[in-house]
Number of protein chains: 2
Amino acid sequence: MKFAKIPMATINRLSVYMRTLQELLEEDVEVISSERLAKQCGVNPAQIRKDLAYFGEFGVRGVGYHVADLVNQIKEILGLSRTWNLAMVGLGNIGSSLIRHGNFVKHGYIFTAAFDVDPQKVGKKLPNGLVVNHVDELEEVIRERDVHIGVIATPAGAAQSVANQLILAGINGILNFAPVQIQVPDCCHVENVDFTIKLDCIAYHLSTGV
Amino acid sequence: MKFAKIPMATINRLSVYMRTLQELLEEDVEVISSERLAKQCGVNPAQIRKDLAYFGEFGVRGVGYHVADLVNQIKEILGLSRTWNLAMVGLGNIGSSLIRHGNFVKHGYIFTAAFDVDPQKVGKKLPNGLVVNHVDELEEVIRERDVHIGVIATPAGAAQSVANQLILAGINGILNFAPVQIQVPDCCHVENVDFTIKLDCIAYHLSTGV
DNA sequence: GAACCAATGTGAATAAGGGCACAACGTTGG
DNA sequence: CCAACGTTGTGCCCTTATTCACATTGGTTC
Ligand SMILES: NC(=O)c1ccc[n+]([C@@H]2O[C@H](COP(=O)([O-])OP(=O)(O)OC[C@H]3O[C@@H](n4cnc5c(N)ncnc54)[C@H](O)[C@@H]3O)[C@@H](O)[C@H]2O)c1
Ligand SMILES: NC(=O)c1ccc[n+]([C@@H]2O[C@H](COP(=O)([O-])OP(=O)(O)OC[C@H]3O[C@@H](n4cnc5c(N)ncnc54)[C@H](O)[C@@H]3O)[C@@H](O)[C@H]2O)c1
């Protein structure tokens, strides 16, 4: 079933399942049913079974899913049984905060390059030992350090230009924190993180729901 | 049409449209067609027209939408023609970064309270002038300062407990940065921001797409 | 003021996604 | 070894979302 078209929503949920399963693992839960897992993830049990069924049969009928096993299966599905090298572009507030954050490494995402235009920042050493490069050296450094994913944390105005440079350097995956819709060729996959949209959504619910 | 059930996806898109329209406004674009706006937002033109049609008729046939006007209409729809008071809980890496960030105020979201448990942080004055309160005072301060939305930026382990306190204090909207699924009553609306899910999604695409 | 133009608003068609309900099938207990 | 149990995997249906296509209508031109 590996070649059916998988809904994007399924991929997102798999990530959530994995996170929850990893927690369960730490609590020494060995086996879990779709029903209990569903409750903990806030979804429908059939949804979980169907999501997993796209990729194979991982459960045991009458019993449930072996937690440790399922974590590994999902990792395999998502391409997480390896590490990914990231490049951060823009070391302001949020860029530095992300690099300082330890959670990414724990999940196999490793910052191996960092760029900025600010002369004050270029050459500085970051807490993780990385030295900041000038954005002019982006293509060269990215190829050299085998970076797979670019993270954009520059002001909105610079985002498109940075994206162009990343693509020129052969990057096919971008995580974009700038609040603009960046345009990329089909070969490149962009995910946007925009807190303001989430806040707007809350505001809408508060205004109408009451 | 104000009372039809509106898809959540529509609300999210409205927020994107608004952001784009505000940019256009700064470039002195007065009128725009659904087709041009669609291209800039990366969606289908009919989608835009239908999204807007849920709430009224804002365009002019044969011409398009008046940009400044439409921004105001969308603000009205989303409940953004007013300000919202936010409380930040957890002033670590990301919490401080968010408070320092000016973009929220620009969109009408104002931090009016901040909480932490760390004695080193309680009592400190933040760049925006706010003094950090201890989380034990949460309910009292939140009611006093008329906070509408709570932002959780604590470690994952504390998130559920913080959410409970927020709800007890009468909060009905939560923006959650901790990578856990928090459980809340129906009256409360939660939006999660989880970068790792987005990264996992990129990893999946890079692994399979090639 | 009539005829043309251009882009909206919308009903109908299509596509996608989610959930129910049950048959299939390991497991466990007798 | 067989029967009773419990949970998976999945066909089918229903609901929701997106796209198409065109009639509608305000603006513009002559
Ligand atoms: N900080 C937040 O909490 C937050 C929240 C939501 C959205 N964002 C978005 O994230 C982005 C960054 O926000 P921030 O608060 O970190 O901003 P910031 O101003 O603190 O940092 C931006 C950094 O990008 C660098 N930069 C500018 N142009 C560049 C270029 N062409 N190439 C490389 N680096 C460049 C600057 O030198 C600076 O170091 C913005 O688009 C912002 O809207 C931030
Ligand atoms: N920083 C990032 O880039 C980033 C990225 C993704 C996710 N996150 C998530 O955001 C959350 C915060 O991350 P961080 O890097 O800012 O962590 P951090 O450790 O820097 O900050 C956490 C803060 O929360 C405070 N805190 C702990 N328990 C509390 C409680 N019960 N009530 C109030 N405050 C409490 C701590 O004193 C500390 O100041 C974490 O859940 C993390 O997984 C952060």
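In what follows, every chain begins at residue 1, and chains take the letters A, B, ... in the order their sequences are listed.
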Heavy-atom protein contacts under 4.0 Å, nucleotides 21-27 of chain D, coded B base, S sugar-phosphate only, - none: B--BBBS
Measuring to OP1 and OP2 of dT18(D), would you say a side-chain N or O of R13(B) lies under 4.0 angstrom away? yes
Without decimals, in angstroms, what is the distance between F55(A) CZ and dT10(D) P? 14 Å
Can T112(A) and R145(A) be counted as having a side-chain donor-acceptor contact under 3.5 angstrom? no
Below 6.0 angstrom between ring centroids: does that apply to H107(A) and F104(A)? no
Euclidean distance, atom CD1 of residue I6(B) to atom P of dA17(D) [Å, nearest integer]: 10 Å
Grab the CG-P distance between N12(A) and dG17(C) for me, whole Å please. 12 Å
Can you say whether the rings of W84(A) and H148(A) are parallel (under 30°), tilted (30 to 60°) or perpendicular (over 60°)? perpendicular
K39(B) and E35(B) ion-paired at < 4.0 Å: no
Ignoring backbone atoms, establish whether S34(B) has a side-chain N or O less than 4.0 Å from OP1 or OP2 of dT8(C). yes
Once the angle between the rings of Y204(B) and F55(A) is folded into 0 to 90°, is it parallel (under 30°), tilted (30 to 60°) or perpendicular (over 60°)? perpendicular
For I48(A) and dT7(D), give me the distance from atom CD1 to atom C1', rounded to whole Å. 13 Å
Check D194(A) against R19(B) and note the closest heavy-atom contact, atom names and distance. OD2-NH1, 2.8 Å
What's the OH-P distance between Y17(B) and dT8(C), to the nearest Å? 12 Å
Shortest non-hydrogen separation from I32(A) to L37(A) and the atoms involved: CD1-N, 3.8 Å
Nearest-angstrom distance from the residue atom CG of N44(B) to P of dA16(C): 14 Å
Report the distance from atom CG of L70(B) to atom C1' of dG9(C), rounded to the nearest whole Å. 14 Å
Could you please name the option among dG9(C), dG9(D), dG18(C) that lies closest to any side-chain atom of Y65(A)? dG9(D)
Are N85(A) and Y109(A) close enough that a side-chain donor and a side-chain acceptor fall under 3.5 Å? no
Indicate yes or no for a side-chain donor-acceptor contact from S207(A) to the backbone of A203(A) under 3.5 Å, with no hydrogens or angles considered. yes
Would you mind reading off the distance between Q47(A) atom CD and dC14(D) atom P, rounded to a whole angstrom? 18 Å
Collect all protein-nucleotide pairs involving nucleotides 12-15 of chain C in which both atoms are nitrogen or oxygen and the distance is under 3.5 Å.
residue, atom, partner, partner atom, Å
dA12(C), N6, K50(B), NZ, 3.3

